[in-house]
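Report on one structure; see the data block that follows.
All heavy atoms count here, side chains included; hydrogens, waters and symmetry mates do not. Lettering follows sequence order; numbering is per chain, from 1. Bear in mind that the values here come from a model prediction, so they are computed numbers and not experimental data.
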Protein chains: 2
Amino acid sequence: MSLATVDTALTIAEAAEVTGVTTHTLRYYERDGLMLAVDRAPSGHRRYTERDLGWIRLVTRLRATGMPIREVRAYADLVRAGDGNEAERLALLRAHRDRVRAQLAEVATHLEAIEFKIAAYETQALACLGEDTAV
Amino acid sequence: MSLATVDTALTIAEAAEVTGVTTHTLRYYERDGLMLAVDRAPSGHRRYTERDLGWIRLVTRLRATGMPIREVRAYADLVRAGDGNEAERLALLRAHRDRVRAQLAEVATHLEAIEFKIAAYETQALACLGEDTAV
DNA sequence: ATCACTCTTCGAGTGCACTCGAAGTCAACA
DNA sequence: TGTTGACTTCGAGTGCACTCGAAGAGTGAT
């Protein structure tokens, strides 16, 4: 394991470690068109640059906020296509943002209701609630 | 379709409509132990009371906040077991609440990053970002 | 009587995103 | 030279939560 190869590019194992994504998944993302072009060493081994790591982090964010794989791929396709489609990228990101905001608000509402229920249990008000169905 | 039967108990189709859960899923939940005892008409048909509807709404909240089916079942088991295990129910709900809060915070963080990226696109700062990897 | 609804059981299918392993080859470092 | 790790392709498996349909029988309002 070469810790600092030329150009500070990382091996797949190293990239996996710093991003928290397994090597299996990293290859899967690449196969599935979620990655931009990943460099290769003359040997054919993948070399992850700082840019790749940043991209992986972005993909992770999008995934963690519920964007489906196919949509991440659509976004990656746009970026790979180069300049001229910024409006489309923006539309895609905005649509996602709106969905995330809505989902966040919904979960927050549900959370409040659950907290209310917990409070009911904490104040021994349970008997008064008839059963467990309130909220 | 009897709109207002005795006791205002609803048929499965009506319960499905007011809760937004399909009849298929309603039966699935019952089979899987997620429901408390659902009443039956003399004919054997399910009759959903207001209490059942409240319970379904609770289950929906728990599911919508990411609680796995098996954990909802565990909670339902406790409730069905009757009095004396309130501490366990409380612990289960609190653990869930903590997970939801954490997940909410995480998603919020990711959302901010995505919003930052959108802002970058909006200000045409994209060219300055080298490519699309920032954030 | 008719027609919509319900019941049961059953198993299979769907969608999503990994996740794992294995085979066979090649590369890099000690 | 040997071990570790990388490569490829491949397919199969996992986990989760539905989701669908169909068979065959009973129910209940009009």
Quiz item: Hey, does the side chain of R27(B) come within less than 4.0 Å of dC10(C)'s phosphate (OP1/OP2), counting only N and O?
Solution: no
Quiz item: Is the phosphate of dC18(C), meaning OP1 or OP2, less than 4.0 Å from a side-chain N or O of Y29(A)?
Solution: yes
Quiz prompt | Plane angle bin for W55(A) and Y75(A) - parallel if under 30°, tilted between 30 and 60°, otherwise perpendicular | solution = parallel
Practice problem: Answer yes or no: is there a side-chain heavy-atom contact under 4.5 Å between T8(B) and E50(B)? | Solution: no
Quiz item: Run the side chain to side chain donor-acceptor pair (under 3.5 Å) check on T11(A) and H45(A) step by step: do they pass?
Solution: CA-CA 7 Å; T11(A) 66; H45(A) 290 191; over 6 Å; no
Quiz item: In whole angstrom, what separates H45(A)'s NE2 from dA6(D)'s P?
Solution: 8 Å
Quiz item: Over how many whole Å does the gap from Y48(A) atom OH to dC7(D) atom C1' extend?
Solution: 12 Å
Self-check item: R73(A) CZ - dC18(C) C1' separation (whole Å)
Solution: 14 Å
Self-check item: Per A13(B) side chain, nearest of listed nucleotides dT19(D), dT6(C), dG21(D)
Solution: dT6(C)
Quiz item: Of the candidate nucleotides dG26(D), dC18(C), dG21(D), which contains the atom at the shortest distance from the side chain of R63(A)?
Solution: dC18(C)
Quiz prompt | 5′-ward residue of the pair L34(A)/P42(A) relative to DNA chain C | solution = L34(A)
Quiz item: Base, sugar-phosphate, or nothing for R70(B), non-hydrogen atoms under 4.0 angstrom?
Solution: sugar-phosphate
Quiz item: Tell me: NE2 of H24(B) to C1' of dG13(C), nearest whole Å?
Solution: 12 Å
Self-check item: Nucleotide dC29(C), atom C1' - distance to CD of E14(A) in whole Å
Solution: 14 Å
Self-check item: Under 4.0 angstrom between T23(B) side-chain N/O and dT6(C) OP1 or OP2
Solution: no
Quiz item: Would you say R31(A) reaches dC10(D)'s phosphate, i.e. side-chain N/O to OP1/OP2 under 4.0 Å?
Solution: no
Quiz item: Rounded to whole angstroms, how far apart are CG on D32(A) and P on dT9(D)?
Solution: 14 Å
Self-check item: Distance test, side-chain N/O of R46(B) to OP1/OP2 of dC5(C), below 4.0 Å
Solution: no
Quiz item: By a strict heavy-atom criterion of less than 4.0 Å, which residues belonging to residues 94-103 of chain B are in contact with DNA chain C?
Solution: none
Quiz prompt | For E106(A), all residues meeting salt bridge (Lys or Arg N to Asp or Glu O under 4.0 Å), sequence neighbours excluded | solution = none
Quiz item: Can you tell me if R80(B) uses its side chain to pair, donor with acceptor, with the backbone of G33(B) under 3.5 Å?
Solution: yes
Practice problem: Scan A41(B) against the nucleic acid and name what it touches under 4.0 Å (heavy atoms): base, sugar-phosphate only, or nothing. | Solution: nothing
Atom pairs and distances, donor-acceptor, side-chain atoms in residues 16-23 of chain A, under 3.5 Å, two or more places apart:
unit_1 : atom_1 : unit_2 : atom_2 : d
T19(A) : OG1    : A15(A) : O      : 2.7
T19(A) : OG1    : V21(A) : N      : 3.4
T22(A) : OG1    : T25(A) : N      : 3.1
T22(A) : OG1    : T25(A) : OG1    : 2.8

Quiz item: What nucleotide, of dT6(C), dC18(D), dG21(C), holds the atom closest to the side chain of I69(B)?
Solution: dC18(D)
Quiz item: Is L26(B) close to R46(B) at the side-chain level, that is, under 4.5 Å between some pair of heavy atoms?
Solution: no
Quiz item: Rounded to the Å, how far apart are L26(A) CG and dG5(D) P?
Solution: 17 Å
Quiz prompt | Closest listed nucleotide, where the reference is the side chain of Y28(B) and the choices are dA28(C), dG21(C), dA17(D) | solution = dA17(D)
Quiz prompt | Residues R61(A) and E115(B) bridged, charged N to O under 4.0 Å | solution = no
Practice problem: Give a yes/no answer on whether the side chain of R40(A) brings an N or O atom under 4.0 Å of OP1 or OP2 in dT8(D). | Solution: yes
Quiz item: Distance check: side-chain N/O of T11(B) vs OP1/OP2 of dC5(C), anything under 4.0 Å?
Solution: no
